[in-house]
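Input: a single structure, listed below in structure tokens.
Along the sequence shown, residues carry numbers from 1. In what follows, every heavy atom counts, from backbone to side chain, and hydrogens, waters and symmetry copies are set aside. Computed from a prediction, not measured in an experiment: that's the story for all the values here.
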Amino acid sequence: MAAVIIGLIQIGWAAAAGGGGERNTAWLLGPRDDPKPVGVVAGRLNRALTNFLETFPLFAAALLACDVAGKFGPLTYWGAILYVVGRLLFVPIYAAGLPVVRTLVWTAAMVGIVMVIVAFFQ
């Protein structure tokens with residue numbers, strides 16, 4: 001559930017960051033037919049959200065598979081913790097533009113998914 005909450009926060013943060021400049025309230029409330037440029041931070045938040053939307057289904061599927069197979073144990077637990085903490089840290093680090101740290105945190109979250117997958121096959 002923590003990962004879902006992180007996702008919801010990311011959606012809100014990315015949407016809120018899109019405001020201002022050419023992305024005024026009228027554009028944000030309209031059909032958005034004509035794309036408007038975003039600022040640096042808003043662009044980072046949008047990319048971080050896209051990344052979350054790519055990784056979360058993998059995490060959720062792996063965790064659900066472990067649940068159905070009765071494979072919850074320390075590896076599943078710590079893998080899930082690693083993914084959630086990694087995703088929690090990833091967004092502000094990405095928004096701040098810290099390239100090496102961002103990659104390390106992303107890698108940690110991905111290792112968390114792999115840990116859950118490995119737990120399924122044990």
Side-chain angles (χ1 to χ4, degrees):
M1 189 54 69
V4 173
I5 293 168
I6 291 169
L8 289 172
I9 291 169
Q10 274 193 255
I11 290 169
W13 197 6
E22 291 187 44
R23 289 188 163 193
N24 58 25
T25 304
W27 184 85
L28 289 170
L29 295 175
R32 301 178 187 188
D33 292 330
D34 57 331
K36 300 283 186 186
V38 296
V40 173
V41 174
R44 290 176 185 159
L45 290 171
N46 284 334
R47 289 188 299 278
L49 175 59
T50 298
N51 182 262
F52 175 80
L53 296 173
E54 293 168 349
T55 64
F56 180 72
L58 303 174
F59 171 70
L63 209 55
L64 287 171
C66 284
D67 184 33
V68 169
K71 300 283 185 145
F72 276 112
L75 197 57
T76 311
Y77 175 79
W78 289 109
I81 294 292
L82 191 56
Y83 176 78
V84 168
V85 170
R87 294 311 309 188
L88 183 66
L89 296 173
F90 181 77
V91 180
I93 288 171
Y94 197 166
L98 304 172
V100 175
V101 177
R102 179 202 67 173
T103 302
L104 292 173
V105 169
W106 177 87
T107 301
M110 295 306 292
V111 167
I113 294 173
V114 171
M115 288 170 67
V116 174
I117 293 169
V118 168
F120 176 80
F121 289 104
Q122 287 188 333

Are Ile11 and Val91 co-members of a hydrophobic cluster defined by side-chain heavy atoms under 4.5 Å apart? no
Checking Thr76 now: which residues fulfil side chain to side chain donor-acceptor pair (under 3.5 Å) with it, not counting sequence neighbours? none
Ile6 and Val101: same hydrophobic cluster, using ILVMFWY side-chain contacts below 4.5 Å? yes
Shared ILVMFWY cluster between Met1 and Phe72, side chains joined below 4.5 angstrom? yes
Looking only at atom types and distance, does a side-chain atom of Gln10 sit under 3.5 Å from a main-chain N or O of Ala48, one as donor and one as acceptor? yes
May I have the list of side-chain donor-acceptor pairs in residues 106-122 shorter than 3.5 Å, sequence neighbours left out?
residue	atom	partner	partner atom	Å
Trp106	NE1	Asn51	OD1	3.4
Thr107	OG1	Thr103	O	2.8

Test of understanding: with side chain to side chain contact (heavy atoms under 4.5 Å, CB included), list the residues that count as partners of Ile9, not counting sequence neighbours. Ile5
Among residues at least two apart in sequence or on other chains, which ones pass side chain to side chain contact (heavy atoms under 4.5 Å, CB included) with Ala3? Phe56, Phe59, Tyr83, Val84
Heavy-atom pair with the smallest gap, counting every atom of Leu45 and Ala95: CD2-CB, 3.8 Å
Across all chains, not counting sequence neighbours, the side chain to side chain contact (heavy atoms under 4.5 Å, CB included) partners of Leu89 are Val85, Ile93, Val105
Find out if a path of hydrophobic residues (ILVMFWY) with successive side-chain heavy-atom gaps under 4.5 Å connects Leu64 to Leu53. no
Count I, L, V, M, F, W, Y as connected when their side-chain heavy atoms are under 4.5 Å apart, and connections chain through other members. Are Leu88 and Val41 then in the same cluster? no
Check for me whether Arg102 meets the cation-pi criterion with Tyr94, that is, NZ or CZ under 6.0 Å from the six-membered ring centre and within 45 degrees of the ring axis. yes
For Val100, what are the other residues in its hydrophobic cluster, where any two members join if their side-chain heavy atoms are less than 4.5 angstrom apart? Leu104
Any idea which heavy atoms bring Gly7 and Leu49 closest together, and the distance? O-CD1, 4.5 Å
